[in-house]
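As a basis for the values below, the full set of heavy atoms in this structure was taken, side chains included, without hydrogen atoms, waters or symmetry mates.
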Amino acid sequence: MIDGTTQGTTQEADQTAGCRTRFAGLLAPGLAADRLTRLALALRLSPVQAPAGPAPLAVLLAGDGSAVPESDALWLPPVAAWIEPPTDTGASDTADRLAPFLAEAATSDLYLNLTTATAHDLQLGGRLLAALSARHPLEGDRRDDVELALHEAVSNALVHGNLGVAGMKELSAQELERFSRDLGDRLADPVLAGRRIVVTLRIDPAEDGRRVATVEIADEGAGFTPGPRANSGASGRGLDLIGTIADGLTIEDGGRRIRMRFRL
């Protein structure tokens with residue numbers, strides 16, 4: 001377990017098999033204080049205005065139509081979960097919709113459940129690295145390699161998975177223009193932009209005493225069947241790159257879930 005995961009209590013976390021993280025508080029930048037208080041109490045958490053102390057916190061990355069906050073403090077301990085609330089329900093049942101997310105988050109050391117649009121705006125790969133390295137310092141080439149693998153995996157899930165944008169077949173101005181246009185068009189589609197990306201991260205000891213980080217990234221795209229690449233296009237090499245960096249790589253759920261293992 002990472003530091004702080006045994007602090008705090010919630011009914012949802014305590015009832016979850018394999019509980020790693022017991023959340024103590026809820027932080028929601030942009031949400032009115034009275035709404036935060038009501039929501040937190042409904043979830044049996046304490047309303048929190050700013051990250052502090054060792055007890056794990058969950059952050060809601062949305063609220064009252066405000067811009068998604070990008071404060072670096074929100075990606076460092078004690079925050080251990082980042083959840084974008086569902087928008088297709090009224091305020092009265094928001095807590096009921098959030099409870100399963102928190103229960104799932106309790107089984108991991110770090111957890112993210114965001115829409116494609118939000119994850120894209122946040123440059124999620126870099127945020128994930130910050131959250132991981134704050135718990136287990138990474139330096140030099142190892143830090144750069146893990147960041148590259150996370151970036152590639154997140155990009156695959158968002159761009160090729162949830163948005164269904166085809167990779168660039170060649171390095172040319174025309175193909176770059178096509179890729180950029182497709183990306184913009186798909187992000188403008190509320191259905192595609194609203195698809196979810198879920199990231200779970202667990203840190204465990206290995207037999208040799210070194211810690212191992214297991215990162216799972218799931219999307220809601222059409223999936224794919226891994227196989228030999230037919231050509232060496234400008235993109236489409238992400239899985240090969242991840243495979244050379246990670247100490248283990250598994251593709252599941254028809255290509256919609258990737259599991260990576262990194263020796264730290």
Inset, instruction - Identify the two heavy atoms, one from V59 and one from P29, that lie closest to each other, and give their separation to 0.1 Å. - result: CG1-CD, 4.2 Å

Inset, instruction - Could you tell me whether R261 atom CZ has more than 12 heavy atoms of other residues or ligands within 6.0 Å of it? - result: no

Legend entry - Salt-bridge criterion met for R127 and D72 (N-O under 4.0 Å): yes

Legend entry - Salt-bridge criterion met for D182 and R178 (N-O under 4.0 Å): yes

Legend entry - Contact summary for P86 and L98, nearest pair of heavy atoms: CD-CD2, 4.1 Å

Inset, instruction - Check N162, D219, D189 against T116 for a side chain to side chain donor-acceptor pair (under 3.5 Å) and give me the one that passes. - result: N162

Legend entry - Derivation of the salt bridge (charged side-chain N to carboxylate O under 4.0 Å, His left out) call for D109 and R202: CA-CA 5 Å; D109 293 323; R202 302 173 183 86; over 6 Å; no

Inset, instruction - Could you grab the distance from atom CG of L27 to atom CG of L45, nearest 0.5 Å is fine? - result: 11.5 Å

Inset, instruction - Provide the closest heavy-atom pair for P85 versus R196 in the form atom of the first, atom of the second, distance. - result: O-NH2, 3.6 Å

Inset, instruction - Answer yes if L132 and L249 sit in the same cluster of Ile, Leu, Val, Met, Phe, Trp and Tyr residues linked by side chain heavy atoms under 4.5 Å apart, and no otherwise. - result: yes

Inset, instruction - Could you list the residues that satisfy side-chain hydrogen bond (donor to acceptor under 3.5 Å, both in side chains) with E252, not counting sequence neighbours? - result: R259

Inset, instruction - May I ask whether F224 and L158 are part of the same hydrophobic cluster, defined by side-chain heavy atoms of I, L, V, M, F, W, Y residues being less than 4.5 angstrom apart, directly or through others? - result: yes

Legend entry - Note, I83 side chain near L102 side chain (heavy atom, < 4.5 Å): yes

Inset, instruction - Using a 4.5 Å cut-off on heavy atoms from C-beta on, say whether the side chain of L110 contacts that of W82. - result: yes

Legend entry - Side chains of V199 and E216 in contact at under 4.5 Å (non-hydrogen atoms): no

Legend entry - Nearest-0.5 Å distance that lies between atom CG in D240 and atom CD in E152: 10.5 Å

Inset, instruction - May I have the step-by-step check of side-chain contact (heavy atoms from CB on, under 4.5 Å) for F262 and V215, ending in yes or no? - result: CA-CA 8 Å; F262 302 100; V215 185; 4.2 Å; yes

Legend entry - Reference residue E177; test side chain to side chain contact (heavy atoms under 4.5 Å, CB included); the match among E175, R181, Q174: R181

Inset, instruction - Please indicate whether D141 has more than 12 foreign heavy atoms, meaning atoms of other residues, nucleotides or ligands, lying under 6.0 Å from its CG. - result: no

Legend entry - Option passing side chain to side chain contact (heavy atoms under 4.5 Å, CB included) with L264 (candidates V212, L138, D247): L138

Inset, instruction - Search all heavy atoms of I197 against all heavy atoms of A157 and return the closest pair with its distance. - result: CD1-CB, 3.8 Å

Legend entry - Exercise: identify the closest heavy-atom pair between A55 and P78: O-CB, 3.2 Å

